[in-house]
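Accompanying notes for the structure given below.
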Amino acid sequence: MNVLSQLIVSGIAVGMIYGVIAFSYQLTFATSKTLNFGQGEALMLGALVGLTTINFLIGQALGTLWAYLLMLPIVFAFGLAQGAVVEWLGVRQAVKAKSEAGWIMATIALGIIFRNLAENIWGRDALRFPSPLPEAALTIGPVRIQPMEIAIVIGALAIMLAVEIFNRRSIFGKAVVATANDRDAAGLMGIDTRRVITFSYALSSMTAAFAGVLIAPVTLTGATMGAVLGLKAFAVAIIGGLSSGMGVIVGGLILGITETLTGYYISTGYKDVPGLVLLLLVLSLKPSGLFGRATIKKV
Amino acid sequence: MLEVNDLVAGYGKVKVLHGLSLHVEEGRLVTLIGSNGAGKTTTLRAISGMIVPESGTVRLGGEDLTGQPSFKITKKGLAHSPEGRRVFPTQSVKDNLLLGAFPRLTGARERGDVEGDLDRMFTLFPRLAERRAQLAGTLSGGEQQMLAMARALMLNPRVLLLDEPSMGLAPRLVAEVFATIARLKEQKITMLLVEQFAAAALEVADFGYVLENGRVAAKGPAEALRNDAAVRAAYLGHAH
Ligand SMILES: Nc1ncnc2c1ncn2[C@@H]1O[C@H](COP(=O)(O)OP(=O)(O)O)[C@@H](O)[C@H]1O
Ligand SMILES: [Mg+2]
């Protein structure tokens, strides 16, 4: 029983990371019906830019926690810019050329370019990311949990909530939702829907970059860290439905917990299998996901 | 206020409008009638920038807006309540109305009294007031139509385009929609009304155009069209 609850608790943090990346896929899908297949690379770049920034700030004799907090706005700004670049270079050109599958190729290609770029700047080795919180695990009842794992859950929920509040409360957020509902009608409201789509990409990459610096202290940071995360989170986005916020949280938790259980009861060698099996199952049984109705743009 | 000259437009290679001209003077209600597929919706789309005209010009208050994207044309003060209502289903009634005022709320148009205009819409359409917090997707067809009109009015438009506001509504609601249009006319709102109920449209309008196969087949003061033998035979013979 104690082992089981420990495994579940350990699965929650990684599950929330999957959930928040899956959420970032939803952001661009909602407004443009396209996805950034380089989302894992957005996460990776966020983590590495964060690493360089936090190390610089620590070099200025700042404590790790303060350095981490000061690093966040820089990572956010970088993520916004990186997402806008992906939309400009990849998606807009492909959509303008009326190439139905062009955005898929373009976002994959950009992802590969970003990975190469990162390898050249930060090297091929995995790097250690300074943890802003104590690394000693806390004991709560029967389970042990790292403070950073708690921070991951809070951070993931906070960013999703912040986006939700922005969408519901501000007139610009309402414009984003209107564009997602009906792009032509949004245009008739005086909304520049092209800019809204660029903004969605920016916000999406910002969210992924934030996920990168959330997970970086409990994992290793490097140019290849995003690839598997991006793919698994894509599975979660499909499982959870491309339009359901609740779906990605539940989907992420299911996957995260399934993985830790598989790792313990079967073998850590098979840890990555459940997510991909789930993806294959959902794609064949219920293409719109467990919670959503939208389907991927037919290509 | 609105001048359309020699408009040629369509969808890809399919031309629908073959040199259409029409004028809407300030404070007037002009109606565009014609059978299904004549090109009425296409005309409104080409005016509001939802499609790019091949040639011809669209002017609003003397300013050439031809070929501009719809969001820019809206910012200039042209509101378009499109065919099929197109309300935002996952947003509340109030949010739909606020989105109608988007250019005013974001500094692209003079702000004026947005809150006051919201209240005015709720007075004009009392049923929307009761449902202001409800999601637009859960409204009945008639309520969605009123929301679409109110949303367009929230722009404080210089010209309002209405595409078949009575489409798919029960007769009682059709009468209500026309009563609302008459009230907007009293408030001197400049309107271009596309309607399938030609008789009712010519009853309320000042001036009318009859569209056939993408061309103006007849035009004149509404009263003259009502009494025109050819128009009566083709469009008013078996009015609903
Ligand atoms: N999106 C579209 N793509 C291609 N053809 C269209 C489209 N919309 C309308 N048409 C065609 O254009 C013509 C005029 O349509 P429309 O302007 O909707 O007429 P109306 O509003 O007068 O009924 C019709 O022949 C219709 O089939
Ligand atoms: Mg029509």
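Remember, it's a predicted structure, so these values are computed and weren't measured experimentally. Letters go in sequence order (proteins before strands), and every chain restarts at 1.
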Pick from [options] with the largest number of heavy-atom pairs that fall under 4.5 Å of chain A:
options	answer
B:T90, B:V87, B:T106	B:T90
B:S48, B:P89, B:G100	B:P89
B:R151, B:Q91, B:M50	B:Q91

Is it true that B:R158 and B:E63 have a side-chain N and a carboxylate O under 4.0 angstrom from each other?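 No, B:R158 and B:E63 are not salt-bridged.
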Going by the side-chain contact (heavy atoms from CB on, under 4.5 Å) test, name the single residue among B:L192, B:L32, B:I181 that passes it with B:L162. B:I181
Counting only non-hydrogen atoms closer than 4.5 Å, does B:L98 touch chain A with its backbone (N, CA, C, O), its side chain (CB onward), both, or neither?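 Both the backbone and the side chain of B:L98 come within 4.5 Å of chain A.
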Which answer fits B:R109, side chain, backbone, both or neither, if we ask what part of it has an atom under 4.5 Å from a heavy atom of chain A?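 Neither part, no heavy atoms under 4.5 Å.
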Answer yes or no on whether A:K232 is positioned over the face of A:F234, meaning its NZ or CZ is under 6.0 Å from the six-membered ring centre and within 45° of the axis.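 No, a cation-pi geometry is absent between A:K232 and A:F234.
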Any heavy-atom pair between the side chains of B:F122 and B:R132 that's under 4.5 Å? yes
Given the options A:D192, A:V177, A:I171, which has more heavy-atom pairs under 4.5 Å with chain B than any of the others?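 Answer, by heavy-atom pair count under 4.5 Å with chain B: A:D192.
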Count the heavy atoms belonging to other residues, nucleotides or ligands that lie under 6.0 Å from CD of B:E25, then report whether that count exceeds 12. no
Is A:R194 in contact with chain B via its backbone, its side chain, both, or neither, using a 4.5 Å heavy-atom distance? neither
Name the orientation class of the two ring planes belonging to B:F178 and B:F197 (parallel below 30°, tilted from 30 to 60°, perpendicular beyond 60°).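 The arrangement is perpendicular - the two ring planes meet at more than 60°.
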